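These values consider heavy atoms only, across backbone and side chains, with no hydrogens, waters or symmetry-generated copies. Computed from a predicted structure; not experimentally measured.
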Amino acid sequence: MDRSGPVRVVVWMRDAPPLDGPRSRVLDRLRELEADGAVDDVSVRVWGRYVDPPSDAPASEEGPIQARIAEFEAWADREGHSLEPAFGRCERSTMVSAERREVIRLPLQCLAVYAGDRLVGVFPCSTGSGTETVADCIRRLGTEAIVDDE
């Protein structure tokens, strides 16, 4: 694993996980990896069920979640991956307007892995050979194979 920068994992979740559910077990395992030194930092962020897609506006005008989605999409494009179907796009209306607009449905849980300031992985994602899941990410973090040497 490229340890030129600290390896940190940001866990994005829709809401607090049930105490004994799969999402809480993911957090428990990430904390174990942090205690063992395989990961330098684990943090948790909360997002909603849907978010407007990133726009062409300057990053300073985007919301924090749109900025993360734009970062995730740029990473997926560079790597030849896709965020679909986990970050599915659909049309929704609101209670105040019947007008439909495109939104991104956010996954229940997503892991963003950084080496220093460089995003090196988003899970789940789709690759040419299948889907890389949150569980795949945790397995790779435990074997130090998540960050390529560059």
Side-chain angles (χ1 to χ4, degrees), residues 5-34 38-143 145-148:
V7 174
R8 60 188 175 90
V9 178
V10 180
V11 182
W12 287 92
M13 305 177 88
R14 280 197 203 159
D15 52 22
L19 292 177
D20 193 30
R23 291 186 295 147
S24 66
R25 287 192 291 275
V26 165
L27 292 176
D28 292 344
R29 180 62 182 131
L30 287 169
R31 296 289 183 211
E32 289 172 8
L33 290 168
E34 183 179 29
V39 173
D40 296 298
D41 182 63
V42 175
S43 60
V44 178
R45 304 284 187 271
V46 177
W47 56 20
R49 186 177 178 102
Y50 299 98
V51 66
D52 290 332
S55 68
D56 293 331
S60 61
E61 295 176 21
E62 291 274 294
I65 295 173
Q66 282 92 352
R68 290 298 66 78
I69 300 297
E71 178 187 33
F72 296 172
E73 288 175 342
W75 169 83
D77 287 345
R78 278 192 314 273
E79 297 297 320
H81 298 335
S82 170
L83 299 179
E84 296 278 342
F87 292 82
R89 292 180 184 250
C90 60
E91 288 191 353
R92 303 224 351 128
S93 60
T94 66
M95 290 184 356
V96 296
S97 169
E99 180 182 324
R100 298 185 68 76
R101 63 183 162 88
E102 183 181 61
V103 294
I104 297 173
R105 180 188 27 81
L106 300 170
L108 283 171
Q109 190 172 53
C110 170
L111 304 185
V113 181
Y114 295 84
D117 291 332
R118 185 172 57 96
L119 179 63
V120 296
V122 177
F123 301 85
C125 70
S126 297
T127 68
S129 59
T131 299
E132 294 275 337
T133 66
V134 167
D136 293 330
C137 174
I138 290 173
R139 224 177 350 271
R140 289 172 62 194
L141 285 168
T143 61
I146 192 80
V147 181
D148 296 328

Strictly below 4.0 Å, N to O, side chains only: are Asp136 and Arg139 in salt-bridge contact? yes

Walk me through it: do Phe123 and Val113 pass the test side-chain contact (heavy atoms from CB on, under 4.5 Å)? CA-CA 8 Å; Phe123 301 85; Val113 181; 4.2 Å; yes

Determine whether Val103 and Cys90 satisfy the following criterion, side-chain contact (heavy atoms from CB on, under 4.5 Å), listing intermediate values before the conclusion. CA-CA 6 Å; Val103 294; Cys90 60; 3.8 Å; yes

Between Thr131 and Thr133, does the side-chain hydrogen bond (donor to acceptor under 3.5 Å, both in side chains) criterion hold? Intermediate values first, please. CA-CA 6 Å; Thr131 299; Thr133 66; over 6 Å; no

Minimum side-chain heavy-atom gap Arg68-Val10 below 4.5 Å: no

To check you understand the geometry: which heavy-atom pair defines the closest contact between [X] and [Y], and what is its length?
X: Pro124; Y: Gln109; answer: CD-O, 3.7 Å
X: Val51; Y: Gln66; answer: CG2-NE2, 3.4 Å
X: Phe72; Y: Cys110; answer: CE1-SG, 4.1 Å
X: Ile104; Y: Glu73; answer: CD1-OE2, 4.2 Å
X: Glu34; Y: Val42; answer: OE2-N, 3.4 Å

Would Val11 and Val134 count as a side-chain contact (heavy atoms from CB on, under 4.5 Å) here? Give the steps. CA-CA 10 Å; Val11 182; Val134 167; over 6 Å; no

[atom1] of [X] to [atom2] of [Y]: how many Å apart, nearest 0.5 Å?
X: Ile138; Y: Arg29; atom1: CD1; atom2: CZ; value: 8.0 Å
X: His81; Y: Glu132; atom1: NE2; atom2: CD; value: 6.5 Å
X: Arg89; Y: Leu83; atom1: CZ; atom2: CG; value: 9.0 Å
X: Asp15; Y: Leu108; atom1: CG; atom2: CG; value: 7.5 Å
X: Leu30; Y: Arg25; atom1: CG; atom2: CZ; value: 13.5 Å
X: Tyr50; Y: Arg14; atom1: OH; atom2: CZ; value: 7.0 Å

Main chain of Glu84, side chain of Ser82: is a donor-acceptor contact present, judged purely on distance under 3.5 Å? yes

Using modelled atom types and a 3.5 Å cut-off, is there a donor and acceptor pairing between side-chain atoms of Asp40 and backbone atoms of Val7? yes

Counting only heavy atoms not in Asp28, do more than 12 fall under 6.0 Å of its CG? yes

Atom CD of Glu99: over 12 foreign heavy atoms under 6.0 Å: no

Working note: Ile69 + Leu106, criterion side-chain contact (heavy atoms from CB on, under 4.5 Å); need CA distance, chi angles, decisive distance, verdict. CA-CA 10 Å; Ile69 300 297; Leu106 300 170; 3.7 Å; yes

Over 60° means perpendicular and under 30° means parallel, so classify the ring planes of Trp47 and Trp12, tilted if in between. parallel

